[in-house]
2 protein chains.
Amino acid sequence: MPVTIRDVARLAGVSPMTVSRVINGGQNVLQETSQRVQQAIAELGYVPNSLARGLSGQRTRTLALILPDVANPFFTRIVQGAEAVAREAGYQIILCNTDGQLEREAASLQAMLAYRVEGIVIAPVGDTSQGQLSQMAGYGVPLVLVDRAVAAVEGDLVQGDSVGDARRLVQLLTDSGHQRIAMIAGQSYVSTSRDRQAGYRQALEAANLAFDPALVVPSEFDIESGYRATQRLLWLKERPTAIFAVNNLVAVGAVRALREHRLATPDDVALVCFDDIDYASLLCPFLTVMAQPAESYGTIATDMLLERIGGQSNEPSRRVVLSAELIVRESCGTRRTQAYG
Amino acid sequence: MPVTIRDVARLAGVSPMTVSRVINGGQNVLQETSQRVQQAIAELGYVPNSLARGLSGQRTRTLALILPDVANPFFTRIVQGAEAVAREAGYQIILCNTDGQLEREAASLQAMLAYRVEGIVIAPVGDTSQGQLSQMAGYGVPLVLVDRAVAAVEGDLVQGDSVGDARRLVQLLTDSGHQRIAMIAGQSYVSTSRDRQAGYRQALEAANLAFDPALVVPSEFDIESGYRATQRLLWLKERPTAIFAVNNLVAVGAVRALREHRLATPDDVALVCFDDIDYASLLCPFLTVMAQPAESYGTIATDMLLERIGGQSNEPSRRVVLSAELIVRESCGTRRTQAYG
DNA sequence: GTTCGTTCTGGTAGCGTTACCAGGATAGTA
DNA sequence: TACTATCCTGGTAACGCTACCAGAACGAAC
């Protein structure tokens, strides 16, 4: 039923090989022949079968992009960056969503392996991904990690300077005199969480503030989790005067909790976080954020991946670290308020 | 280099066919043989080649999901719904982003055809997609449209009751006494835009308000476009007292413009729109929205698609219409203010 | 005229899997 | 014993494409 290369060949009065050549750029094909073939293709509505092409040619021109949460604008930006580069290079991207679950990540990796993608860009679930990621390397599939680092995994890495950026962000709070600064910290098996916590402690230290473990609460990376973590913080006998949220969604949850407790931001509790939201300029407290160049994460990671695939660069493991941009709005309580967005 | 079914067969001391049977559920295979094969699979780290499977078996167990803007939370929700259903059914989803561009949609459709996906869920660019969508039907690929209808396209459809929902939304404004209600209308080649505009006019009529073409400005569906459209409205000699935005992102742009003009919402200008944002409860004006059940769009569309693929139901074209939920917050200026989100 | 190179074209084989058919073994029935 | 039914297994031939090799045609160079 479906039209094959043979049907086209028959109609054009040539061999399948010639049709194949025309499809693939038409090197060494008579102009006239080529036109006849193209006409036959149009007439029959022939669409080359990618499966057969991939199977035969060993090249699928497909990449995988595996992310923990496509609903998070930060990751959506990465998608956009990656897509642009891939499209430019004639590659198709298959997007997978792991929801931060290790098993779903494993399933996605397995599926992408089965699809014979030529490379994978992944923001891993966390350190626990180490086993399955190393396995990928074992299969010879080029791997580029974005955002989150995982020890002992062969592959390039594009990430933010979480330690330094967190330090800068918290310093903003210490500079305005805050003494009890809490952190909603994410999960310790995620490198960004650990690093941001390290930066947080550095900032405290620099300001000669004691580290209080009670002020650091773990969380997931979604709104709901940020909400609950904030509630726990607000129930403390000695309430924090400022909160550092590990990412944007957690901060949104924090805002909700603060509202419910009738606490004003930043007057009662200041709030800062990582990752901007496009709509952040509209959030009531005008969130002060550390905006990571997410789109660049996507473009750079994909560029690096394509280089590996192309065979350029055989260095063992490259690592790109990008600094974030500090966008100071009202929520941190400093008076250096900026205009919208 | 890569491990094939033959390698597994050799190690397990059976034929490739037996290995194939084990992979596919192991009907009619001796328990003992099956175990031997599975052990060989594990030992060699064998991953079946999906390309070969698809080519040989004519079933790729893959669906395409083509959307105009994955960065829009509305569509992201659709993704989540679709993914859940697909995963449950053992299908992989390939996500494509068209950016609302017809050519990119055409390219995606072509690519998905080449990948031999078994079906496509698509929120089309607009009426202009008609040609390329009909073509898909011609190729025998089941199609389900979501959100946006396109005339004369064979395939199921899941959409909102844009006319009725828009009427309800605008009625909220007329009920509070607004006389000059503007609409940022999207593009007329998109069904949702047209329908919402129809609902808008119905509501005006019901309130005995004259329709003023100057108050209806076209737009894209993104923040930037909403911003510019709002500016145009605010430059009018007789400024509107309320704005109905065709979707969430446009509304966000509107908020920005209103802010810049130092106009308060809802006191100076009321604002309502379609589609919620998770963070909407945090937006300063507490946007009043018509929240469409986006996730259901995704699940229902995918369910219908799988039914078609499975061969159940040969009705010509089914159409599912879902009503949205009106979430009244402060931005519309009625005093029936609700609690956060 | 022979040799070589270049340009175009076609045949064959194989990519890794499964559909389909066939056959051997075992057990149950007459 | 013979016949059928059932369970398990293997061989062969595709699926649609491209790598690879080979050959034909033509002109250029010796």
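Each chain gets a letter, A, B and so on, in the order the sequences are listed, and its residues count up from 1. Predicted model only: the values in this text are computed from it and were never measured.
Side chain of B:Ile5, nearest nucleotide from C:dC15, C:dT17, D:dG16: C:dT17. Residue B:Ser56 has its side chain nearest to C:dT18 when only C:dC15, C:dT9, C:dT18 are considered. For B:Asn28, the side-chain atoms get nearest to D:dT9 when compared with the rest of D:dT9, D:dG16, D:dA19. Closest contact between the side chain of B:Arg6 and the listed nucleotides C:dC20, C:dG16, C:dG11 involves C:dG16.
The main-chain N or O of B:Val70 is found under 3.5 Å from a side-chain atom of B:Thr76 such that the two form a donor-acceptor pair. Judged by distance alone, with hydrogens and angles left aside, the side-chain atoms of B:Thr299 form a donor-acceptor pair with the main-chain N or O of B:Ser296 at under 3.5 Å.
Salt bridge annotation for B:Glu118-B:Arg308: absent, with no cationic side-chain nitrogen under 4.0 angstrom from a carboxylate oxygen.
Donor-acceptor pairing under 3.5 Å, judged by distance alone, is present between the side chain of B:Arg21 and the base of D:dG10. A donor and an acceptor atom never sit less than 3.5 Å apart when one is taken from the side chain of A:Ser15 and the other from the base of C:dG11.
In this structure, A:Arg59 atom CZ and D:dA19 atom C1' are separated by 14 Å, rounded to whole Å. Regarding A:Met17, its CE atom lies at a distance of 12 Å from the C1' atom of C:dA13, rounded to whole Å. Following rounding to the nearest Å, A:Tyr115 (OH) and C:dT17 (P) show an atom-to-atom distance of 15 Å. Taking atom CD of residue B:Gln58 and atom C1' of nucleotide C:dA19, one finds them 10 Å apart after rounding to whole Å. In this structure, B:Asn24 places its CG atom 9 Å from C1' of C:dT17, rounding to the nearest Å. The interatomic distance linking B:Ile23 (CD1) with C:dG16 (C1') rounds to 10 Å, in whole Å. Rounded to an integer number of Å, the gap from A:Leu51 CG to D:dT18 P is 12 Å. Whole-Å rounding puts the A:Leu44 CG to D:dG16 C1' distance at 15 Å.
For B:Arg77 and B:Asn72, the side-chain atoms include no donor-acceptor pair closer than 3.5 Å. Side chain to side chain, A:Thr62 and B:Tyr115 meet the donor-acceptor criterion of an N or O pair below 3.5 Å.
For the OP1/OP2 pair of D:dC17 and a distance below 4.0 Å, the side-chain nitrogens and oxygens of A:Ser20 include no atom meeting the criterion. An OP1 or OP2 oxygen of C:dG10 is reached within less than 4.0 angstrom by a side-chain nitrogen or oxygen of A:Thr18. Taking only side-chain nitrogens and oxygens, B:Thr4 never comes nearer than 4.0 Å to OP1 or OP2 of C:dC15.
Nearest-nucleotide positions on DNA chain D place B:Thr33 closer to the 5' end than the other of A:Asn49 and B:Thr33.
Within the nucleic acid shown, A:Leu55 comes within 4.0 Å of at least one base atom, counting heavy atoms only. No contact: B:Ser50 has no heavy atom under 4.0 Å from any strand.
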